[in-house]
Q: 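Provided herewith is a single structure, encoded as structure tokens, for subsequent inquiry.
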There are 2 protein chains.
Amino acid sequence: MVRLKPEETRQRIMDSAQRLFVERGYFNTVIPDIVRDSEISIGSIYHHFANKQDLAKALYQETLQTFLREMHSCTDHLTGVKNKLNAVVQFIYTLCEDNPIQMEYMLFMRHNEIFPEHIPICLSEPFKAVEEWIEDGIASGDVTPGIPLLMAGVFMGGILKVVELKLRGVLKQPLPEVVNQTFVLAWRSIAK
Amino acid sequence: MVRLKPEETRQRIMDSAQRLFVERGYFNTVIPDIVRDSEISIGSIYHHFANKQDLAKALYQETLQTFLREMHSCTDHLTGVKNKLNAVVQFIYTLCEDNPIQMEYMLFMRHNEIFPEHIPICLSEPFKAVEEWIEDGIASGDVTPGIPLLMAGVFMGGILKVVELKLRGVLKQPLPEVVNQTFVLAWRSIAK
DNA sequence: GTCTATAATACGATAGAC
DNA sequence: GTCTATCGTATTATAGAC
């Protein structure tokens, strides 16, 4: 076993934790599982993180932060609702192919069972951005008039359910093959 | 404490378990919590159910069975995709108002963390029914041509995300007030 | 069938050497 | 900073009286 830099040790622990949390759930993952998978000792894990929940929290925050930064870098330079929404959908579907673990972690982990106060990721910043773009779209006449929250829900719900179908193995095609068709369907629900 | 019939005892245990599983999650609910909430002794719980997982399994099967029976009684007498889909949406939104615990239990419990083999409820029978109706709709010309699985995903995803918004307290209006508007949005995505 | 008291164990977390 | 060995406790499940 080669000796790692402390930062690499920390990252290894988080990578293993994310995979195991997704595969078996937080409560079904015990510290010795993380020890086996990461090949980092339990003492070292408790050196980097105060306890199991603290590890989960760091993982949650860093994953969400990365996602938001990358999402914004895909959309910020674009103008118009349709372009922005399309870019988000392309980004999500690509991420789901490249890193299904991260996608599943964000979409389906019951973070509120770990941190009692928590809001589901899909209703937080990314979702609010979509809602605001739709509001702008109504104002500019690109989107049919209605309740923006409802429209954002219907739009993103449709997009994300297809991701779920893929992650569950129900949908066989790679997401990039169906991304355009799916976007057209979801866009039709709110387009003027 | 009045003496209950055995069948009432069993039902009380399941009602408490469902509420607690939804509120704090399966793994955060310990047997003594169910004892306190149901006011049934631990010995009696273990008389009716072999163990905690067996209780969860009975709860899952009976909840799903009830849902399917009621859903079919809402749709079986109707003809045409649009009518059937509308009836399902009305049924789901009404159920969500009447029994949000049951709705949340079905939509968001990670049943596969409890029963390793499990399929998420929303991808099982009810979802397949929607997919088949859409197939029929394409054949009859009511629905735009495309991949039925994808269209069922976009349609039901949109419908269910609004339920999620309601259950999470993000959407303030009662669902019956927005059910028609939501159906119109989701229907537009797949209508010819 | 229902209850109380208790056993068995699995887990998170710590102590202390290197 | 990393490791191994171990503790304390919370939780599931059982035993046995009524």
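Residue numbering restarts at 1 for every chain, and letters A, B, ... go by the order of the sequence lines. Please read all numbers here as calculations on a predicted model, not as lab measurements. Values below: every heavy atom of this structure, side chains too, minus hydrogens, waters and symmetry copies.
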Q: Is any side-chain N or O of A/His48 closer than 4.0 Å to OP1 or OP2 of D/dT2?
A: yes
Q: Exactly one of B/Arg12, B/Arg10, B/Glu8 should register a side-chain contact (heavy atoms from CB on, under 4.5 Å) with B/Ile40. Which one does?
A: B/Arg12
Q: Kindly point out which of D/dG1, D/dC3, D/dA13 is positioned nearest to the side chain of A/Ser44?
A: D/dC3
Q: How close or far is atom C1' of D/dT11 from atom CZ of B/Arg36, stated in whole angstroms?
A: 12 Å
Q: Please report, rounded to the nearest Å, how far the C1' atom of D/dT2 is from the CZ atom of A/Arg12.
A: 14 Å
Q: What nucleotide, of D/dT12, C/dT4, C/dA13, holds the atom closest to the side chain of A/Asn51?
A: C/dA13
Q: Are A/Phe91 and A/His72 close enough that their ring centres sit under 6.0 Å apart?
A: no
Q: Can you figure out which of C/dA5, C/dA13, D/dT2 approaches the side chain of A/Lys52 most closely?
A: C/dA13
Q: In whole angstrom, what separates A/Ile31's CD1 from C/dT14's C1'?
A: 13 Å
Q: Please tell me which of the listed nucleotides, D/dG1, C/dC11, C/dT2, lies nearest to the side chain of B/Thr9?
A: C/dT2
Q: Between A/His47 and D/dG1, is there a contact of a side-chain N or O with OP1 or OP2 at under 4.0 Å?
A: yes
Q: Using the side-chain heavy atoms of B/Pro6, tell me which of these nucleotides is nearest: C/dG1, D/dC3, D/dT11.
A: C/dG1
Q: If we check side-chain contact (heavy atoms from CB on, under 4.5 Å) with A/Ile13, which of these qualifies: A/Leu55, A/Asp37, A/Leu59?
A: A/Leu55
Q: Looking only at side-chain atoms of B/Tyr46, point me to the closest of C/dT14, D/dT12, D/dT2.
A: D/dT12
Q: Of the candidate nucleotides C/dT4, C/dG12, D/dT4, which contains the atom at the shortest distance from the side chain of B/Ile42?
A: C/dT4
Q: Let me see the working for A/Phe21 and A/His111 under ring-ring contact (aromatic ring centres under 6.0 Å, His included), right down to the final yes or no.
A: CA-CA 11 Å; A/Phe21 289 174; A/His111 300 101; 9.5 Å; no
